[in-house]
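Presented below is the structure to which this report refers.
Computed over heavy atoms, backbone and side chain alike; hydrogens, waters and symmetry mates excluded. Below, read A as the first sequence line, B as the second, and so on, with proteins coming before strands; counting in each chain starts at 1. Here the structure is a predicted model, which is why all the values come from computation and not from measurement.
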Amino acid sequence: MSRSPKYLTTPLYYLNAKPHIGHAYCSILVDAVARYERLFGGETYFLTGTDEHGQKVDKAAQARGMEPQAHVDELHLAFKDLWPTLNIAYDDFIRTTEPRHKQVVTGFLQKLWDDGEIYADDYEGWYSTTAERFFTEDELVDGRCPDSGGEVTHIKERNYFFKMSKYEDALRQHITSTPDFIRPPHRANEVLGFLDKGLGDLCISRPKERLSWGIPLPFDAEYVTYVWFDALSNYVSALGWSSTGESTKAFDDWWPGANHFIGKDILTTHCVYWTTMLLALGIPLPKHIIATGWWLSDDRKMSKSIGNVVDPLGMKDVYGPDVLRYFLLRDMVIGLDSNFSEEALVRRNNSDLANDLGNLARRAAGLVTRYFDGLVPEPGAPTDDELAVMNAAKGLAANLMGWVDKLQIHQAIEETMQFVRQLNKYMTDTAPFKTIKTDPQAAARSLYTVVEGLRHAATVLGPVMPVKMAELVAGLGVEPVERLDDLTWGGVAPGTKLGLETALFPRRDLPVSAEAEATPPKKKKKAKAAAKAAPVAADGNIDFDHFMKVELVAADVIEAEKVEGSDKLLKLQVSLGDETRQVVSGIAEHYSAESMVGKQVVLVKNLAPRKIFKIVSQGMIIAADTADGGLALMAPTPRVPAGTRIH
RNA sequence: GGCUGCGUAGCUCAGUUGGUUAGAGCGAACGACUCAUAAUCGUUAGGUCGACAGUUCAAGUCUGUCCGCAGCCA
């Protein structure tokens, strides 16, 4: 069965932020899908890159006193250099500041201009520098940017517009007649809902005086191209699409199999802006646009302002890139949000990778070493037990493509692990460590079956954990198979020398915080009593360690305002030296907003963030009730540097 | 406020066109085994399937109302 070539893309990551878990997940997902695809015998072209124009980048460069180009030349490496460390193998990395890209965007725009798809008009609105876009009067919140809360300025200016509205019906038609164009399907409904509100035209320019760091419009040098228009074009510029009509081989080969993987936050830009641009240019629409969910922390989006950012990328340094990949791909159902936690990652590592898979390899290898001098024994004729395993291996390989095609990667992994569990059971049932004394032939048969089963599992998990599974296959003494079709039972030749010396996936301890909360799994009986020890003892005392978990720090109040609609609450911005936190505190009846600014207070730093009056509060200020019903704020005397730990 | 989706064991989730005692993995308890990374294998416990009402011989599965959560839009 032949498969059509697939062109797999991640979004171009915008250089105004450091790589985070969202970027990493998307790239890992595309990488895994590409590797699966190749295992199925298909061809793939994997594109990623960076989006380097725009005001934020320009500003950041200015702040550093650098030329924007020098700035992005440096910054884009944070992404480009990251991918290999996550075992991600892309085919091309495109930067929007490269000539090959700028050239295509220019041709793109010129063609639209020539075809009358772009017109100039006056535009009036409130512009937010932080969000880099206009808002209507109605959209503003308290006269500020609804996205960033930043300042907006009223601007009236001439700009260029793309006649996007023209394509509303054509796009709706395409979405409704192509059920899996947008995946998962409920996202398609979202886009249709967006279209039903009526599609306007899209402003695609920014005056040069306001934004110089961009691609100049070919028909008006006083303007540069709007960042989205610029960035989205990468999907065809990387293939060398040409506006003159002469298409490149790369474009013809790959574009028909285009799969854009994106985060759900950029659904509209891809499903509406990009698609209508393509319609206007007469370029066929991509085959699929796949919107993934977000990795959350404590059921919330990770964000610096909420203070719940965990550093999943740091996990690769602690646990290894393949373990991180396994966790991300196993624990997220594509399209839905998932919670990220180090604890969940460690549990996955321990139960699936260390216990089930790694340990199985170890026990099989140990027995082969002990009883057969480390040489894989002759299997002999299979009995029903072996036939069951062989059938399961066959079924696994047969089902795999279906799961991957449905983008049920987590399911593909789960099915594989079920097979591994079956191998463990088979090993226990046939007990080669016993039969070796009574029936060496049976022992040989069992061990051969487990080794061969491991080879199947390793092959099928290769796309998820390329390096670790290559190690396992090498440990089994065989050459890896490139294609699933070549994965047939009996690939391990009897007499092969096994080389599985070390544990493939070491067990890990749960992170400290998790262990304190969970019932410790260690030393079953002895630990039981101790484990049940509650944080608060019967006499009401807590032990020293518990107290030390409360992080009290000195904080300087830098801003304060009353919370509208509440008599008691003040919203404070406090500095902890290296970070600023927002805290909502019920002290307004005793302290005015003005009087708080400049004061030093004591903040409970590691209190879980919560919303009070819809405002996120990241900590608590401590105070004492006074005898006359007043309130006395606690503060270090004398004043100490903000952020100083108090204990 | 409008629209859409979701709410199933402690946790993460499956549950096909409504049909016998609601499933899996993790976690837990107990047991077996001892080749192995305190591993593996087995057994058990734990759910009024968000609430209420309705349709039906029969509802986690359909309808309505409500509660909670999320997303999109305004």
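Comparing rG46(B) with rA53(B), their P atoms sit 26 Å apart, to the nearest whole Å. Across the P atoms, rC13(B) and rC52(B) are found 25 Å apart, a figure rounded to whole Å. Rounded to the nearest Å, the gap between the C1' atom of rU48(B) and that of rU44(B) is 22 Å. Nucleotides rA70(B) and rA29(B), compared at atom C1', are 36 Å apart to the nearest Å. When the P atom is compared between rC66(B) and rC26(B), the two are found 41 Å apart, to the nearest whole Å. Nucleotides rG54(B) and rG15(B) are separated by 30 Å at their P atoms, to the nearest Å. When the P atom is compared between rG71(B) and rC30(B), the two are found 42 Å apart, to the nearest whole Å. Comparing rU16(B) with rG7(B), their P atoms sit 12 Å apart, to the nearest whole Å.
Contacts of Gly358(A) with the nucleic acid, taken as non-hydrogen atoms under 4.0 Å apart, include base atoms. When heavy atoms are screened at a 4.0 angstrom cut-off, Tyr371(A) is found touching no nucleic acid atom at all. Within the nucleic acid shown, Leu504(A) comes within 4.0 Å of at least one base atom, counting heavy atoms only.
Remark: rC6(B) base-pairs with rG68(B); criterion is Watson-Crick or G-U wobble with both hydrogen-bond distances under 3.5 Å. A 3.5 Å limit on both hydrogen-bonding distances identifies rA24(B) as the Watson-Crick or G-U partner of rU12(B). Pairing partner, rG18(B): none, since no Watson-Crick or wobble contact has both distances short of 3.5 Å.
In this entry the base of rG47(B) is anti relative to its sugar, with a glycosidic angle more than 90° from 0.
Counting to the nearest Å, the C1' atom of rG25(B) and the CG atom of Asp356(A) are 10 Å from each other. Atom pair Arg363(A):CZ and rC33(B):P shows a separation of 15 Å (rounding to whole Å applied). Summarising the geometry, the separation between CZ on Phe194(A) and P on rG5(B) is reported as 20 Å, rounded to the nearest angstrom. With rounding to whole Å, Gln418(A) atom CD is found 11 Å from rA14(B) atom C1'. One can place CZ of Arg187(A) at 13 Å from P of rC6(B), the figure rounded to the nearest angstrom. One atom, CG of Leu267(A), and another, C1' of rC72(B), lie 9 Å apart when rounded to the nearest Å.
Checked against the 6.0 Å centroid criterion, the rings of Trp228(A) and Phe162(A) do not qualify as a close aromatic pair.
Side-chain N or O atoms of Tyr13(A) include one that pairs as donor or acceptor with a backbone N or O of His23(A) at under 3.5 Å. For Glu452(A) (side chain) and Gly491(A) (main-chain N/O), a donor-acceptor pair under 3.5 Å exists by modelled atom type.
Applying the side-chain hydrogen bond (donor to acceptor under 3.5 Å, both in side chains) criterion to Asn391(A), with sequence neighbours excluded, gives no partner residue.
Contact annotation: Asn355(A) side-chain N/O to rU40(B) OP1/OP2 distance is under 4.0 Å. For the pair Arg362(A) and rU37(B), the criterion of a side-chain N or O lying under 4.0 Å from OP1 or OP2 is met.
In the model, Ser165(A) has a side-chain atom that pairs as donor or acceptor with a side-chain atom of Asp201(A) under 3.5 Å.
Contacts between residues 427-440 of chain A and RNA chain B, counted as heavy-atom distances below 4.0 Å, involve Met427(A), Thr428(A), Phe433(A), Lys434(A).
Distance from the side chain of Arg348(A) is smallest for rG25(B) among the nucleotides rC73(B), rG25(B), rA38(B).
Salt bridge status for Arg347(A) with Asp352(A): absent, with no side-chain N to carboxylate O gap under 4.0 Å.
Here ring pair (Phe, Tyr, Trp, His ring centres under 6.0 Å) pairs that include residues 390-414 of chain A, with residues two or more places apart or in two chains, number zero.
Shown here is Lys264(A), whose NZ atom has more than 12 heavy atoms of other residues, nucleotides or ligands within 6.0 Å.
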